[in-house]
Every structure is written in C-alpha cells, then in structure tokens.
There are 2 protein chains.
Amino acid sequence: MAEPPGLRARKKEATRLALHEAALRLAAEQGADRLHVEAIADAANVSRRTFSNYFSSKEEALFYDDAVRLRRMLELVRDRPADEAPWTVLSRAAEQLTAEGLDEPDPAWLARRRQLRAHPGLLAHQVAAYSTIERDLATELAPRLTGADVELRSRILAATFLSTLRVATQHWIENPRGSLLGAVRAGLRLAASNGTPGSWVRAVAGSS
Amino acid sequence: MAEPPGLRARKKEATRLALHEAALRLAAEQGADRLHVEAIADAANVSRRTFSNYFSSKEEALFYDDAVRLRRMLELVRDRPADEAPWTVLSRAAEQLTAEGLDEPDPAWLARRRQLRAHPGLLAHQVAAYSTIERDLATELAPRLTGADVELRSRILAATFLSTLRVATQHWIENPRGSLLGAVRAGLRLAASNGTPGSWVRAVAGSS
DNA sequence: AAGAAAGATTGCGCATTGAGCAAGTTTATT
DNA sequence: AATAAACTTGCTCAATGCGCAATCTTTCTT
C-alpha cells in the first residue's frame, strides 16, 4: 500500500521544497513585491519553466508549507474515530498536527513568516490556500453529523475551524508567547464558544 | 458631512458597476476561464486601460458586489451600540445588511452566481475579498471586548463570523429554500454553538 | 544488463495582463 | 469663460502562465 517513494519521487519533493524555501527566503530578504519567479527558480537551480511545473504562481510556492500542513490535517481528521463529536475531531486533529514536530519551529522560518505578514496582499493568498481544502474537510465532516441541514452545518464547521486555525497560528507567529500548541488550543476553545459572551472569560482563563 | 455625489462621482460608480456586471455576465455566459479583461472592457464601453484603473484584476471585478456588501457591513457594525455583546453586534449587522434590499435578489444575478460556483479557482478570489476586511472588522470589534487576549479574540470573532456569512450566503445561492435572511440567521446560530454538539439540533430546529 | 517506456526538465514562443507615462477629454471651481 | 482637477485612453514594457517539442533521467521489462 504505502510503498517507499523511489528516487524519482524524492527528487521531486526535494526541488519542490527547494523552490518553496527559496521563495520564502527571497521574499523575506528582498521584500515580497520584488520577488520574481525567475529569481526563485535560479535560487533553486531550476529553470523558470520548471518552476511553473511545480507551482502555478510564486504565492502558491510561498504558502506551500501551509498546503502541506492542511492536507496532513485532512488525513488526521479521516483517521479519527467515526463516532467522535465533530468539533472534538477537529480539535484533536489540530492538536496532533501541531504536535507533529512543528510545535517549536525553526526561528529563521518564524522570522521570515513574520516578515511576510507585513505585506497585506499576501493574506489573500494565504486564505486561498486554506480555502482549497475547505470543501474536502466539509465532505469529510458531513457523514459525522446527524439531524437536519447536514450540508450547511458541515460547511460552516469546516470554514470556521479553518479560519480559527489560521488566525490562531498567525497570531502566535506575530506574538509567540507560550507554545504554538497552546495558542491553537486557546483559539479553538474561543471559537467553540463564539456566541456565548459570558463564557469568554472562563474559556480564556481555563487555558492557563 | 455627506454631500450628494456630483456627476463625476456618479459616473465613476456607474462605470464601476458596468464593469462588474459585464464581468459577471460574460463569466456566466462564456465560462469563467474564457473571461478576458479586454472583453469586459469592451462590454462596458471603456478601454482595457480604464478597466485597470478600476479593478486590479478580473476577479476583483467579479466580486465587487461582495466587497461593497462587506464594506457596508463594517459600517453597520460601527453603528451598533458600544455596549452590545460582540456576537450580537455581528448578528444584527448581518441581518440589517441582508434586509437592506438584497433579501430577494434578482434571479438573473442568482443564476450567474450559481454558474460561478462551478469554477473552483474562483473560490480563492472570493475568500480573498472577504479577507480584505477581516482586519478592519477585528479592530472594530476589539474595543468591544474586555478581559484577556482581546486581540486574538477579536480576530477569531471577525474571521469566524465572516466565514459563516460567506458560507451561509453561498449555500443559500446554491440552494435557495426560504429567504436569504433565514439562511444567514441559521448559519450564525449554528456558528455560535460550534463546540456544543447537543445544541446543534436545537439551534437548527429553532430556526424554522 | 540492454533497451524500451514513462516521466521530468528545459528552451522557445505567444497571449494575457498590470502598470507607468503623457496627451487628450471631461467635470468642477471661481 | 477660464483655469484647475480628475478621468480616459493609447502606447509601451516587464512579468507571467502555459502549450509544444526536444532532450535527459528514472523506472520497468525481458
């Protein structure tokens, strides 16, 4: 089933990563607006054309790591028991994902990501990356719901969860007190009680 | 304070709208992928260059109406009393916005919007339009919160609320049973109780 | 191990597009 | 009516996404 990736696949992943990292580095060094596809390709020792074979735009290259994380999260969701409550499924998946080696990321990566935040036009591309799996996540969630309006409810669950994950992560990047895992947990707890004003304080207090 | 817009401003708004509508119509007619800036400009009787003066891409033109709605919603949020509970502020603003003449939209518009849904790449641009005001909404919300973690909480509130609004609206477009207002109300109620499994059924039942 | 088949990289060319600039046109001001 | 301010347009260019065909690499077959 899970055959070890051959040399071909490994090489591909390597250049993909190289392109992603080159993009991130150059964007942080020279500013996101002076980032050109040609430069990224050069930095990764491939041709401009090859870049296009991997990514359809420099922004996609920039947020490739988010895409990977999100695809991985979808897998984790799939692996949760079918009878678990939906929000629990999502929370646990998010926690596993965060725990999986990305809890204490490389400081250089952190700094670069913080640089990127400055450029407001990039936010749009990041949310785009998230929106890519929104539907997949919803269809994964739907069979776990019972009652009326399953479709609407699954889509709202997926969308709000992903938004929360994105915002909590971003907030932690800009403002890293404590662990990322803690930030994600706090965010999810907050989102879980969006509509109940009294519980906010309690929810936050409970996170410490 | 609010001077009536002169001829100049009215003309500008007119061409902006013309461009938006031309884009929407052409996208629905010929498919979103065969949509070219030149064609949009022609259909609106302006030059290609002028199109660029109004919109920075065809997708921005396509989702101009969302942008307008969202800016309007920000105003409505600003006008809510300062002591209202945050989620109530958002719900009321959304309801007002929906009630403001867009509750029973033009069937042609609806059909076109439904066509657009087919093209998956466009979702990214729609969420981009929503993300544009995410920060503004958060900074508007922040002063209405008390306690700890005001920044994180306001950002999560803004993000989840906007996601919900987007998904509920989109769901209603694809699936218009009842009024849009009803769909938005239901969506917000659902989002308000994301984490509490037992309350889902009650929340939905309460919407009928 | 040799050769065929499948897959990846590259260069070339073209269509689309976003934007700066300057000249011409329309609206606002006085 | 004259002047100023704002808008439109055509021209031009750099950047980009992608189809195509040639070449090189990995994998599969026998």
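What you see below is based on every heavy atom in this structure, not just the backbone, and it leaves out hydrogens, waters and symmetry mates.
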Would you say [X]'s side chain and [Y]'s backbone share a donor-acceptor pair under 3.5 angstrom?
X      : Y      : answer
A:T132 : A:A128 : yes
A:T50  : A:V46  : no
A:W87  : A:F161 : no
B:R144 : B:P81  : yes
A:R153 : A:A148 : yes
A:W172 : A:V167 : no
A:R92  : A:T88  : no
B:K58  : B:L35  : yes

Taking [X] first and then [Y], would you say they form a salt bridge - that is, a charged N and a carboxylate O separated by under 4.0 Å?
X      : Y      : result
A:R16  : A:E13  : yes
A:E75  : A:R71  : no
B:R135 : A:E174 : yes
A:E151 : A:R155 : yes

Nearest-angstrom distance from the residue atom CZ of A:F51 to C1' of D:dG17: 11 Å
Stem regions touching DNA chain C, defined by at least 3 consecutive Watson-Crick or wobble G-U pairs below 3.5 angstrom: C:1-30 with D:1-30
Selection: residues 33-47 of chain B, any non-hydrogen atom under 4.0 Å of DNA chain C: B:L35, B:H36, B:V37
Residues from residues 53-63 of chain A lying under 4.0 Å of DNA chain C - heavy atoms: A:N53, A:Y54
Contact check, side chains of B:D65 and B:W109, non-hydrogen atoms, under 4.5 Å: yes
Residue list, side-chain contact (heavy atoms from CB on, under 4.5 Å) with B:L122, at least two apart or on another chain: B:A32, B:E59, B:F63, B:L116, B:H119, B:H125
Where B:R114 and B:I173 come nearest, the two heavy atoms and their spacing: NE-O, 3.1 Å
Footprint string (nucleotides 20-30 of chain D, 5' to 3'): B base within contact, S backbone only, - free, heavy atoms under 4.0 Å: B----BBS---
Heavy-atom contact window of chain B on DNA chain C, given 5' to 3' at under 4.0 Å: C:dT16 to C:dA28
